[in-house]
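Some notes on the structure that comes next.
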Amino acid sequence: MNEDELVQEKVITLWDLWGKLRAGWRYVAGGTALGLLAAGLAIGVMAPKYIAVALVQVGQVGQVGQVGESSSVPAEPVTQAIERLKTRAFQMNVAQHLGLQNWLDELLGPVGATSAFMTVQVDKTTAAAPMPLIELKVTASSAESARKVVDAVLVGLAKKHAEILEPTVNRLKDDLALAKERRQQAETDLATLEKIADAAAIRDDRFTQLALMTSLSLQKRLELFQQRQLIAQLDTALAFPATQQVRLLDGAFVSDKPVSPKKGLLFALGFGGGLLVGVAAAFVADSWRRRR
C-alpha cells in the first residue's frame, strides 16, 4: 500500500466518523440537552453562597516607656488571636448568637470547626508589619447573613480583648489620677513658696533664706513640669489610636452576587459533558445497528 492509498484511507475514515455523527445527531443533541438540563437543575438545587471579607485589627493599649515615650502593645499576639477565632468554642458562640443551625450541626460533629463557614489568616500585605492584620472570610447563604457573622465575630473578639486589656487600662487610669493629684499638690506648694519668697525678699534681706525659697520653687516647678508631661503621655496612651478596641479596617466587603454556584462553569461543564455523552451514544448506536 503506497502513501496515496494511506492518505485516502484516512480521509475515508474521517468521513465515516462524520457520517456516524450526522446519522446519530439526535443522540448528540439529546446528550447536550441533558447535560445543560442537569447543570440547570444543579444550579436550582444548590444553595447560593456569599462571601464577606474583612481586615481585622486586634485590640491594643497604649504604654508609657521609661523615657516617657508612648507606644502600643496588642491585647494578644495576632497568631494567638487567629487560633482563638478558629476554636470550636468561639465559633459556637457566634453560631448560637445568630441562630445558624447548619454551622452548629457541623461544629457539633466529629470534625468540629472547619473552614466551610469561616476562615482566618494573617493578611499577607501586612505580615511584615509590627502588628499585622487578620484577614477574615465568612461564607453565608446571603449577603446580610455574611455581614452579621462578621459583626458577631468582631463583637466576640472585642469582648475577649476588653477583658485582657482591662487591668492595664485600669492601671493607666490610676496612674493618671495620681499624676493629676501630684500636679495639683505641686501647683499649691509652688504658689505657697512663691508667696514666702516674695515676703522674704521684702522683709528679710538675708540671702540664705531667699536662696532657699528660690531653690525650693525651682524644684517644685520641675516637679510640676514632670507631672504635666506625664499626664500628657498618659492621656495619649489612653486615647485613640494608642488604645483601641478590635476594629475593622474600611468595613467588610460583601459580594453583591453569590460566589457559588458558578453558573457559567456549571453550564460549560454540562454542555461539554453532555456533548461527550451524546457523541459516545451516537457511536454505540451505530455499532449496534451494524451488528444487527
Side-chain angles (χ1 to χ4, degrees), residues 47 49-63 65 70-172 237-238 240-255 259-260:
K49 293 183 179 180
Y50 294 79
I51 289 182
V53 182
L55 293 179
V56 181
Q57 179 176 294
V58 299
Q60 60 187 36
V61 63
Q63 293 287 303
S70 298
S71 60
S72 297
V73 294
E76 60 181 346
V78 172
T79 53
Q80 184 174 329
I82 290 175
E83 293 304 317
R84 182 187 302 280
L85 294 175
K86 290 181 179 179
T87 60
R88 178 184 299 188
F90 185 91
Q91 294 189 18
M92 284 191 66
N93 288 334
V94 174
Q96 288 174 350
H97 176 71
L98 298 176
L100 300 176
Q101 191 59 43
N102 291 340
W103 197 357
L104 284 173
D105 292 341
E106 183 167 339
L107 291 170
L108 293 174
V111 178
T114 65
S115 60
F117 294 89
M118 186 178 78
T119 60
V120 284
Q121 63 180 5
V122 176
D123 177 52
K124 295 179 180 179
T125 60
T126 60
M131 197 178 299
L133 302 176
I134 298 175
E135 183 186 69
L136 171 65
K137 287 186 179 180
V138 172
T139 304
S141 59
S142 66
E144 185 63 25
S145 179
R147 289 191 184 93
K148 288 182 179 180
V149 172
V150 171
D151 292 340
V153 170
L154 191 69
V155 170
L157 187 60
K159 181 179 179 181
K160 186 60 183 180
H161 282 188
E163 296 175 358
I164 297 174
L165 295 176
E166 184 177 7
T168 304
V169 172
N170 289 339
R171 178 178 57 80
L172 289 174
L238 286 169
F240 182 88
T243 295
Q244 56 182 297
Q245 277 292 349
V246 176
R247 67 187 184 98
L248 296 180
L249 268 67
D250 300 327
F253 170 78
V254 184
S255 56
V259 297
S260 176

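- The main-chain N or O of N93 is never found under 3.5 Å from a side-chain atom of Q96 such that the two would form a donor-acceptor pair.
- Residues I51 and V254 have side chains not in contact (no heavy-atom distance under 4.5 Å, counting atoms from C-beta outward).
- For the pair T126 (side chain) and L133 (backbone), a donor-acceptor distance under 3.5 Å is present.
- Counting all heavy atoms, side chain and backbone alike, A252 lies closest to A54 at CB-CB, 3.9 Å.
- The minimum heavy-atom distance between V153 and M118, with the atom names listed, is CG2-SD, 3.6 Å.
- Judged purely by atom type and a 3.5 angstrom limit, S145 has no side-chain atom pairing as donor or acceptor with the backbone of A140.
- The backbone N or O of K49 lies less than 3.5 Å from no partner atom in the side chain of S141, so there is not a single donor-acceptor pair.
- Across every non-hydrogen atom of A75 and I164, the tightest pair is O-CG2, 3.3 Å.
- Without hydrogens or angle criteria, Q60 side chain to P241 main chain gives a donor-acceptor distance under 3.5 Å.
- Taking each heavy atom of V149 and W103 in turn, the nearest pair found is CG1-CZ3, 3.9 Å.
- Atom CG of N170 is surrounded by more than 12 heavy atoms from other residues, nucleotides or ligands within 6.0 Å.
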Is there a salt bridge (Lys or Arg N to Asp or Glu O under 4.0 Å) between R84 and E76? Walk through the geometry before answering.
CA-CA 10 Å; R84 182 187 302 280; E76 60 181 346; 2.8 Å; yes
Run the side chain to side chain donor-acceptor pair (under 3.5 Å) check on N102 and E106 step by step: do they pass?
CA-CA 6 Å; N102 291 340; E106 183 167 339; over 6 Å; no
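- A distance-only check finds a donor-acceptor pair linking the side chain of H161 to the backbone of G59 [under 3.5 Å].
- Residues M92 and L108 approach most closely at CE-CD2, 3.6 Å, considering heavy atoms.
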